[in-house]
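Order of listing sets the numbers, starting from 1, for every ligand and every atom in it.
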Amino acid sequence: MGRKLVVGNWKMNLLQKEAKELSCAIVDLIGKNYDNCEVVLVPPYTALREVGNCISGSNIDLGAQNVFGKSRGAYTGEISAPMLVDAGCKWVIIGHSERRHLLGETDEQIRKKISLSISYGLKVILCVGETETQREEAVSGSKDISTKKRDIFSPIKTQIENALGAFDEQGLLDIVIAYEPVWAIGTGKNATSLEIAEIHQCIRELLVEMFPDSGNNVRILYGGSVKTGNISDIMSVDEVDGVLVGGASLSVDSFFKIVKLIGS
Ligand code: PGA
């Protein structure tokens, strides 16, 4: 298993000047030699260059929030994997719930994006997670606990099988999974340690079933309202290998505290 990983997803926030200030402040605080955990900053496309310049020579890597499933051509408005590599990205987030649910991204599109990204040497953060309705339906009625658990995990299982089913063990080496319950993203309502542990265990079992040789080595992150106040609880769950942070990654203070706590 690799080091713990902290990913700051800035979403559609920050102009170039603001992105430069934030990333340079993060580099100043974390230091060029910070090695206790792996840190990735994921700004909007328009700020990739500014952030790339600020983090150059540090141990912080650059990531993108999305990618298209073709490498070039007449796809107005899209950005390809080789373009991301050219812009200095090492990582790409794929299948974020905001893209799945607000923009209708499908499992098939996600599978293509992963496949192409890996072929260009990008590391992939694949986001999966259940909606509030899916969780409510899964826990309703008089079922036994293991059936409830199975039903809660069912949409996540489908997302992972559809995204990764066609890959071999080798392809899995560049993939990290982020479990992000949709109801916890940007809502301030994070999942409890127990809920996180249950899903992370299920994801691990599924990965090992699908990829007996490397399923145990894939890092599984938690995301959804991660902040300074809950990071210790979240990281106390054995199965959590890091976090995907949205809102709290936009403040140097909170992001730094989260990184420090994870790396300590
Ligand atoms: P949040 O976002 O931390 O603001 O909930 C997490 C994410 O969407 O990755």
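In terms of protein heavy atoms, atom 7 (C) of ligand 1 is closest to E180 OE2, 3.2 Å. Nearest protein heavy-atom neighbour of atom 4 (O) of ligand 1: G247 N, 2.8 Å. From the protein, the heavy atom lying nearest to atom 2 (O) of ligand 1 is K11 NZ, 3.2 Å. The protein heavy atom nearest to atom 3 (O) of ligand 1 is G246 N, 2.9 Å.
Shown in contact with L244 at under 4.0 Å from a heavy atom are these atoms of ligand 1, numbered in order with element: 9 (O). The H96 neighbourhood of ligand 1 comprises atoms 7 (C), 8 (O), 9 (O), with distances under 4.0 Å to a heavy atom of that residue. Remark: ligand 1 atoms within the under-4.0 Å shell around heavy atoms of N9 are 9 (O). Listed by number with element, the atoms of ligand 1 under 4.0 Å from a non-hydrogen atom of S225 are 1 (P), 3 (O), 5 (O).
Between E78 and K70, no side-chain nitrogen of the basic residue sits less than 4.0 Å from a carboxylate oxygen of the acidic one, so the salt-bridge criterion is not met. Using a 4.0 Å cut-off between charged side-chain N and carboxylate O, R204 and E239 make no salt bridge.
Note: Y75 and F68 have tilted aromatic rings, judged against thresholds of 30 and 60 degrees for the angle between ring planes.
In this structure, A248 falls outside the shell of residues with a heavy atom less than 4.0 angstrom from ligand 1. Taking 4.0 Å as the cut-off, A184 counts as a neighbour of ligand 1 on heavy-atom distance.
By the salt bridge (Lys or Arg N to Asp or Glu O under 4.0 Å) test, R135 is found to be paired with E130, E195, residues two or more places apart in sequence or in another chain being considered.
Taking only nitrogen or oxygen atoms, main chain and side chain alike, G186 reaches within less than 3.5 Å of ligand 1. For ligand 1, none of its N or O atoms has an N or O atom of G224 under 3.5 Å away.
If you check the side chains of D253 and S251, you find no donor sitting under 3.5 Å from an acceptor.
A side-chain contact (heavy atoms from CB on, under 4.5 Å) with V92 is found for exactly one of L84, L116, L126, namely L84. Under the side-chain contact (heavy atoms from CB on, under 4.5 Å) rule, L250 has a single partner from V245, N9, L14, which is L14.
Considering all non-hydrogen atoms of both residues, F255 and L41 come closest at CE2-CD2, 3.7 Å.
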